[in-house]
Amino acid sequence: MALERTILNQIKTQIGNVNGSGSFTSDLSGSDQVVIGESFAPGRIPCAYIYPNGVTTTQAAGTTVLTRYDRTMSVQVEAWCAATSSAPGTALLDALDLQDDIMRALEADRSLGGNVRDIEISASSFDGHELDRPSLGLAVLVLSIDYTETAGG
C-alpha cells in the first residue's frame, strides 16, 4: 500500500476524533462525516472532505540518505458546518471554530501515527453566503506534509 494512502487514512482518522466534547466544538465522529475524495453532500453537516493535491520529491546532497527520498504531500481539507444562528457573521465564526477543531485534531499527533516528520497547516474560513451556500460556513485547510520514503520501495 502506498504511504500516501496511509497518510490520507490517518488524516481521516484524526479528523474523525473531533467529537464535540472536551476542547472540540464540532462533532465529526459519525461514520460518514469525514470522507476522502467525495463531493459535497449537504445532508452530511458538519463534514470534512479530504483531497490529495500532489506530491513533490527532493534529494538534498549531503542531507538526504542515498536510499531515500524526501517528500512533501499537499492535502486540502474542506470542512462545512451549519451556522448556529442567522445573525450576521455567525457562519464565518462557526467555520472558524470548525477550523480550530480540525487543527487541534491534526496537531495532536503531527507525525500522523508515526508516518511523517511534520505537518504545516494553512487555513481560511468563509461565510457560505459568499459561496452561494447561505447558512453554512466553510473552513479550508491546506496541509503540507513532510515525510521520507525508501527509494524503490
Side-chain angles (χ1 to χ4, degrees), residues 1-58 60 69-149:
M1 177 177 355
L3 181 55
E4 291 78 14
R5 182 184 187 119
T6 301
I7 291 168
L8 289 176
N9 283 324
Q10 185 63 30
I11 291 168
K12 179 181 176 183
T13 297
Q14 286 183 216
I15 293 173
N17 290 335
V18 174
N19 61 9
S21 67
S23 62
F24 295 124
T25 303
S26 304
D27 185 356
L28 296 170
S29 62
S31 63
D32 67 343
Q33 289 179 274
V34 181
V35 294
I36 297 173
E38 287 189 27
S39 301
F40 174 66
R44 186 191 290 146
I45 300 287
C47 57
Y49 299 90
I50 302 166
Y51 303 100
N53 283 345
V55 176
T56 58
T57 300
T58 58
Y69 291 104
D70 293 325
R71 296 202 169 146
T72 301
M73 181 178 187
S74 178
V75 174
Q76 182 167 310
V77 177
E78 296 176 7
W80 293 88
C81 62
T84 53
S85 85
S86 60
T90 302
L92 177 63
L93 295 174
D94 291 337
L96 280 170
D97 289 340
L98 180 57
Q99 172 185 304
D100 181 64
D101 286 346
I102 292 172
M103 290 174 74
R104 285 177 189 270
L106 292 171
E107 291 169 349
D109 177 7
R110 292 171 54 167
S111 74
L112 295 177
N115 294 300
V116 306
R117 288 193 306 273
D118 200 6
I119 300 174
E120 292 182 15
I121 303 172
S122 299
S124 300
S125 292
F126 305 91
D127 185 320
H129 185 74
E130 300 170 31
L131 308 166
D132 292 327
R133 301 276 189 196
S135 76
L136 295 178
L138 170 64
V140 177
L141 298 89
V142 177
L143 316 177
S144 180
I145 302 165
D146 296 319
Y147 59 102
T148 301
E149 196 161 24

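In this chain, numbering begins with 1 at the start of the sequence shown.
In this structure, OG on S125 lies 9.0 Å from CG on D97, to the nearest 0.5 angstrom. Taken from CG in L106 to CD1 in I145, the straight-line distance is 8.0 Å, to the nearest 0.5 Å. For the atom pair C81 SG and L138 CG, the distance stands at 8.5 Å (nearest 0.5 Å). Of the inter-residue distances, the one linking Q76 atom CD with L143 atom CG reads 9.0 Å to the nearest 0.5 angstrom. To the nearest 0.5 Å, atoms CG (N115) and OG1 (T6) are separated by 6.0 Å. Between the CD atom of Q10 and the CD1 atom of I119 there is a distance of 9.0 Å, given to the nearest 0.5 Å.
Panel note: side chain D101, backbone S26; a donor-acceptor pair is recorded below 3.5 Å.
Between V75 and the options I11, N53, I36, a side-chain contact (heavy atoms from CB on, under 4.5 Å) holds for only I11.
S74 and V142 get closest at one heavy-atom pair: OG-CG1, 3.9 Å. Across all non-hydrogen atoms, the minimal contact from A123 to L141 is CB-CG, 4.0 Å. Across all their heavy atoms, G113 and Q14 have their closest contact at N-OE1, 4.0 Å. Heavy atoms only, all atoms of each residue included: A79 and I102 are closest at CB-CD1, 3.4 Å. Heavy atoms only, all atoms of each residue included: E107 and I121 are closest at OE2-CD1, 3.8 Å.
No hydrogens or angles considered: nothing links the side chains of Q33 and Y49 as a donor-acceptor pair under 3.5 Å. Side-chain polar atoms of T90 and S85 form a donor-acceptor pair below 3.5 angstrom. Using modelled atom types, one finds no donor on one side chain facing an acceptor on the other under 3.5 Å when comparing T58 with D70. Side-chain N/O atoms of R71 and T148 include no donor and acceptor closer than 3.5 Å.
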Side chain to side chain contact (heavy atoms under 4.5 Å, CB included) between L96 and D100, intermediate numbers included: CA-CA 6 Å; L96 280 170; D100 181 64; over 6 Å; no
Side chain to side chain contact (heavy atoms under 4.5 Å, CB included), that's the test. Do I50 and L8 meet it? Break it down for me. CA-CA 8 Å; I50 302 166; L8 289 176; 3.9 Å; yes
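Side-chain contact between N17 and S29 is absent, with no heavy-atom pair separated by less than 4.5 Å. When side chains are defined from C-beta on, S144 counts as touching T72, because their heavy atoms get closer than 4.5 Å. Contact of the L136 side chain with the F126 side chain is not registered, since no non-hydrogen atoms from C-beta on lie closer than 4.5 Å. Side-chain contact between Y51 and E38: absent, with no pair of heavy atoms (C-beta onward) separated by less than 4.5 Å. With a 4.5 Å cut-off on side-chain heavy atoms, I15 and V77 count as touching. With a 4.5 Å cut-off on side-chain heavy atoms, R104 and Q99 do not count as touching. Counting heavy atoms from C-beta on, the side chains of M73 and V116 never come closer than 4.5 Å.
No salt bridge links E120 with R110; every basic N to acidic carboxylate O contact stays at or beyond 4.0 Å.
In this structure, F40 and W80 have tilted ring planes: the angle between them lies in the 30° to 60° band.
The number of heavy-atom neighbours closer than 6.0 Å to CG of D132, taken from other residues, nucleotides and ligands shown, is 12 or below.
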